[in-house]
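Atoms within a ligand are numbered from 1 in the order they appear, just like the ligands themselves. Given the structure is predicted, the values throughout are model-derived calculations rather than measurements.
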Amino acid sequence: MKVLKFGGSSVGSPEAIQQVIEIIRRSGEQGRCAVVMSAMLGTTDDLIAAGRAAEAGDDGYLEILGRIGERHLASIRDLFGNGGANAVAEFVESTIKELCDLCDGVRLTRELTPKTLDRILSFGEIVSTKIVSARLTEAGINNEWKDSRQLIRTNSNHGLASVDLADTNRRIAEYFDGSDAAIHILPGFVASDAEGHTTTLGRGGSDYTAAIVAAAADAEVLEIWTDVNGMMSADPELVRNVRQISHITYREAMELSHFGAKVIYPPTIQPVMAKGIPVLIKNTFAPDDNGTLIESEPAAEKDLIRGISSIDEIAVLNLEGSGMVGIPGFSKRLFGALSQARINVILITQSSSEHSICVAVEEASSDRAKRVVDQEFEYEIVAGRIEPLKVETGFSILALVGERMKEHTGVSGKMFTTLGQNGINIHAIAQGSSERNISAIISSRDVRKAVNTLHEEFFSDGSKQVNIYIAGVGTVGGRLIGQLGSQHDHVLDDMRLNLRVVGVANSKRYAYDEDGLEIAGYRTALEAAEPNSVEAFTDAIIANNLRNSVFVDVTASADVVEMYPKLLERSVSVIACNKVAASSAYDNYRRLKGLAREYGTNFFFETNVGAGLPVIHTLGDLLRSGDRVRRIEAVLSGTLNFVFNNYDGSRPFADVVRQAQDEGYTEPDPRLDLSGTDVARKILILAREAGHAIEMDDIDNVGFLPDACLSGSVGDFYEAMAAEEAHFRRLLDGAVSNGLKLKYIASFDNGRASVGLQSIGPDHNFANLAGKDNAVLFYTDRYPEQPLVIKGAGAGADVTAAGVFADIIRAASAN
Ligand code: ADP
Ligand code: ASP
Ligand code: MG
C-alpha cells in the first residue's frame with residue numbers, strides 16, 4: 001500500500017483539487033492507497049480567527065465562518081456542476097451552522113478552551129476530505145472515507161496531542177484489514193482521546209497523520225504532495241536560487257524540519273524512519289518532477305551541507321548563577337519545570353564553566369517559562385545562588401544541516417566567518433554531538449541576510465552577490481555606474497562576483513531596488529523618487545540589511561562622510577572617492593579605519609590620491625611587507641599639472657583653468673586645486689598611510705594665488721584670475737627665462753610635509769610629466785636611491801571611476 005498526503009494548497013482551489021483527483025486516480029490504478037488530506041488552504045487559520053473573535057465577544061466570527069462556508073460551497077459548485085453534490089453541500093452548510101453554534105457558546109462564556117478549539121478546527125480536514133471523496137465517486141473512482149478520529153488515539157493534550165501508538169496502530173491495521181476498498185480517504189490533523197473528544201496533532205500535523213498511517217500499514221512509500229518540487233536547500237521564500245535536494249537522509253530531513261523547513265512537520269519522520277519506509281516529497285502542480293526522496297542511506301552527493309533552515313519568534317532563556325557550579329540536578333530541574341509546563345525546548349547550550357544554561361523556546365511560551373522556572377528555583381533565587389531567569393525575545397535560530405559535516409573540518413569556521421563578515425551577531429551556538437547540524441541564535445532582523453549569505457557560501461557555483469549603493473551620480477558616479485553595467489558579465493565570469501547597483505542617491509533623492517537597478521534607467525528612477533536626505537539613504541541601507549553591501553561615496557560632501565561610522569558599524573564597506581574623511585582630523589581618520597577593522601569590513605579610498613593610479617594600495621603593500629617610507633616626492637594634482645603644462649602665455653591663465661574644469665579634471669570648486677588645498681590633502685593622506693599622525697595644519701602650503709582670487713563665488717574666482725593675469729605671467733616668465741618649468745610639487749620628508757609651486761630643470765624627475773599626469777616617487781628602505789615610481793593620468797572621470805571600481809572589487813573579494 002501507498003500513503004499519499006495532500007497539503008492545504010493542493011486542495012486550496014477547484015483546479016488544484018482536480019489535479020489531486022488525477023494523481024489519486026493514477027495511484028489507485030497501481031494498487032491500494034490511503035490518502036490523507038489537509039484542510040483547504042487558509043481554513044485552519046480562519047477557524048482559529050473565528051474562535052478567537054468569539055472568545056473576545058466579537059460577532060465578527062459570523063462573517064469569518066460565512067466566508068469559510070462560501071469558499072467551500074463555491075469549490076463544490078465549481079467541481080460538481082449544477083446540483084451534482086447536494087449531499088456534500090448540505091454537509092458543509094450543516095457543519096457551518098454547527099460551528100456558528102459552537103462559537104456562539106464561546107462568545108457567551110468568553111472562554112475558548114483548547115478542547116473546543118480542536119472541535120472547531122476539525123471542520124477543515126473533515127470537509128476537505130468529504131469534498132474530494134465525493135468528487136472521486138462522481139468521477140467513477142471508488143473510494144472509502146474514514147474518520148481518522150476513529151483511528152488515531154491520543155492523550156487529551158488538545159492542540160498538540162501525543163499519539164498512543166500501540167492503540168492507534170492496532171486500530172489502523174484493523175480498519176485496513178476489514179475494508180476491501182482500494183482507495184481510502186482520511187482527514188489529516190484530527191484524532192480523538194480516550195473519551196472520544198476531538199484532538200489535533202499540532203499545526204502542520206496532517207503530515208504526521210500520514211506518517212502514522214504509513215507506518216501502521218507498513219506502506220511501501222509515503223508520498224507528501226505539496227506546492228514545491230521537494231525539499232530545497234533553503235526556504236524558497238527567503239532565498240531565490242534554492243537548490244532542490246534529490247536525496248536526503250531521514251536524520252537530515254528531521255533536523256531541517258525541526259529547525260523550520262516547514263515542508264515537513266517534524267514528528268513526521270520518526271514513524272516512517274522506524275519502519276524504513278521511504279518518503280517522497282512531490283509537487284501537486286508539477287507531478288512529473290522527481291521530487292525529494294527521504295531514506296536511510298546517506299546519498300552519495302558531493303555537497304557537505306544538505307540544507308539551511310531557520311525558525312523565527314524564538315525567545316532565549318538564560319539561567320545563571322554561581323550556585324549552579326558542580327551541583328548536579330540543576331538542568332534536570334530546569335527541563336523538568338519546562339516540560340511540565342509543556343514548553344518545547346528547541347535548542348540548548350551550556351557553557352563548560354557550568355555557570356549558565358541557555359535554552360531557546362518559542363516566543364509564545366516565554367512568559368510561562370519565566371513563571372515556572374522562577375517558581376522552581378524560588379529558594380535558590382532568594383538565597384542569591386542563582387539569578388531569576390533572564391528572558392530575551394526577537395531571536396531566530398539558524399541551522400546548517402548535513403551528514404557529511406562530521407567528516408570535514410572547517411564547516412563551522414566557514415559558517416561563523418561568513419556571518420561575521422556580514423555583521424551578523426551570534427547570540428548562542430549549539431552543535432549536536434551527531435555533528436549533523438550546527439545551529440546559531442541570531443537576531444530575527446538578520447535572518448534573511450544570514451540564510452542568503454550562508455546559502456551563497458555553501459551552495460552557489462562560487463559566485464557572490466555584491467550589493468552596491470552609490471551616493472553621487474555626477475560625472476564620476478555616472479561613469480562608474482556605466483562601467484559596473486558594462487563589466488558585469490566579465491566580473492561574474494572571471495571573479496565570480498555578481499555586482500549589482502541596488503541604490504543610488506544624489507543630494508535630494510535616492511532610488512532603491514533590491515533586485516538591482518537597471519543601469520540604463522537609474523536616472524529616471526531617481527527623478528521619480530520622493531525627496532529624501534542622505535541620512536534616509538543610509539538608514540535604508542542599514543534597514544535593507546543586504547549581504548555584502550558596499551557603500552560608494554562619489555560626492556564631495558562632508559554630510560555624506562558623517563554617515564560612514566554607522567555604515568561601518570553594520571559591516572557595510574565604505575569606498576570613498578570623497579577625500580573629506582581621510583583628510584579630516586587625524587582622530588577621525590583613525591576611528592574610521594578602526595571601525596572597519598573592528599567590524600570586519602573595508603574602508604578604502606584609493607582614488608583620494610592619483611585618481612585611478614594604484615598609489616595607496618601600493619604604499620600599503622610596501623609597508624605590509626616590512627618596508628619603510630623615507631621620503632615621498634609627488635605631483636598630485638592633475639589639474640595643476642595640466643594648467644602649468646598648458647599655460648605658455650599664448651592665452652590667459654584663467655582660460656587654461658577653465659579648460660581643465662571643462663574637461664573634468666578639477667574639483668567641483670577649482671579653488672581647492674589652485675590653492676594647493678587638494679594637493680595638501682593628498683600628501684596628508686599619503687603621510688598618514690605611511691604611518692605618521694599628521695594634521696592638515698602641519699603641512700607647509702606656499703600658495704601662488706593672489707589673495708584677491710580666494711574670496712567670493714567660483715564665477716568671481718575666474719574674474720579675479722583674469723584680472724591678475726600679469727601675476728601669473730610673471731611666474732611663468734621667471735621660470736622660462738631660466739630654462740625651467742613650473743610644477744606644483746608635494747613632498748614628505750622626515751615627518752614634514754609641504755606643497756608648493758617649484759621651478760624645475762630639464763633633468764628633474766618630473767620635468768617630462770605631460771598633460772594631467774600625476775607621479776609619485778616613494779623612497780624607501782628597499783628603494784633608497786631609485787624610487788618606486790607610480791605615474792599616469794591623475795585626473796579624469798573614467799580613470800577615477802575605474803579606481804573606485806577597483807576598490808569595490810577589492811572590498812568584495814576581501815570579504
Ligand atoms: P502543505 O500545505 O502542502 O503542507 P506547507 O506550506 O506546510 O505545505 O509546506 C510547504 C512550504 O514549505 C513551501 O511552500 C515553502 O514555502 C516552505 N519551505 C520552507 N522551507 C523549505 C525547504 N527547505 N524546502 C521546501 N520548502 C520549504
Ligand atoms: N490544517 C492544519 C494546519 O493548517 C494541518 C495541516 O495542514 O497539516 O496546520
Ligand atoms: Mg504542511
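Counting only heavy atoms of the protein, atom 5 (P) of ligand 1 lies nearest to K262 CE, 3.8 Å. Summary of contacts: the protein heavy atom closest to atom 26 (N) of ligand 1 is V263 CB, 3.5 Å. Closest to atom 23 (N) of ligand 1 among all protein heavy atoms lies M232 O, 3.0 Å. Of the protein's heavy atoms, G8 N, 3.1 Å lies nearest to atom 2 (O) of ligand 1. When hydrogens are left out, the protein atom nearest atom 2 (C) of ligand 2 is T44 OG1, 3.4 Å; that is the closest non-hydrogen contact. Nearest non-hydrogen protein atom to atom 4 (O) of ligand 2 is R203 NH2, 2.9 Å. Of all protein heavy atoms, the one closest to atom 13 (C) of ligand 1 is D227 OD1, 3.6 Å. Ranking protein heavy atoms by distance to atom 7 (O) of ligand 2, first place goes to S38 OG, 3.0 Å.
Taking only nitrogen or oxygen atoms, main chain and side chain alike, S233 does not reach within less than 3.5 Å of ligand 1. Not a single N or O atom of G8, backbone or side chain, sits closer than 3.5 Å to an N or O atom of ligand 2. Backbone and side-chain nitrogen or oxygen atoms of S38 are examined, and none is located within less than 3.5 angstrom of a nitrogen or oxygen of ligand 1. The shortest N/O to N/O separation between K5 and ligand 2 does not fall below 3.5 Å. Where the criterion is an N or O separation shorter than 3.5 Å, residue side chain and backbone included, D207 fails it with respect to ligand 2.
Heavy-atom contacts of T226 reach the following atoms of ligand 1: 1 (P), 3 (O), 8 (O), 10 (C) (cutoff under 4.0 Å). Atoms of ligand 1 lying under 4.0 Å from at least one heavy atom of G230, given by number and element, are 24 (N), 25 (C). Near A234, meaning under 4.0 Å from one of its heavy atoms, ligand 1 places the atoms 22 (C), 23 (N). Atoms of ligand 1 lying under 4.0 Å from any heavy atom of M231, numbered from 1 in the order shown and given with element: 24 (N). Interface of K5 with ligand 1, defined as ligand atoms under 4.0 Å from a residue heavy atom, comprises 4 (O).
Each of Q150, H184, K146 was scored for a side chain to side chain donor-acceptor pair (under 3.5 Å) with Y175, with one residue passing: H184.
For the atom pair OG1 (T198) and CG (D147), the distance works out to 7.5 Å, reported to the nearest 0.5 Å.
For E237, every heavy-atom contact with ligand 1 shorter than 4.0 Å involves the side chain, none the backbone.
P187 and E125 make their closest contact through CB-O, 3.6 Å (heavy atoms, listed as atom of the first residue, atom of the second, distance).
Between P236, A253, A261, it is P236 that holds the heavy atom closest to atom 27 (C) of ligand 1.
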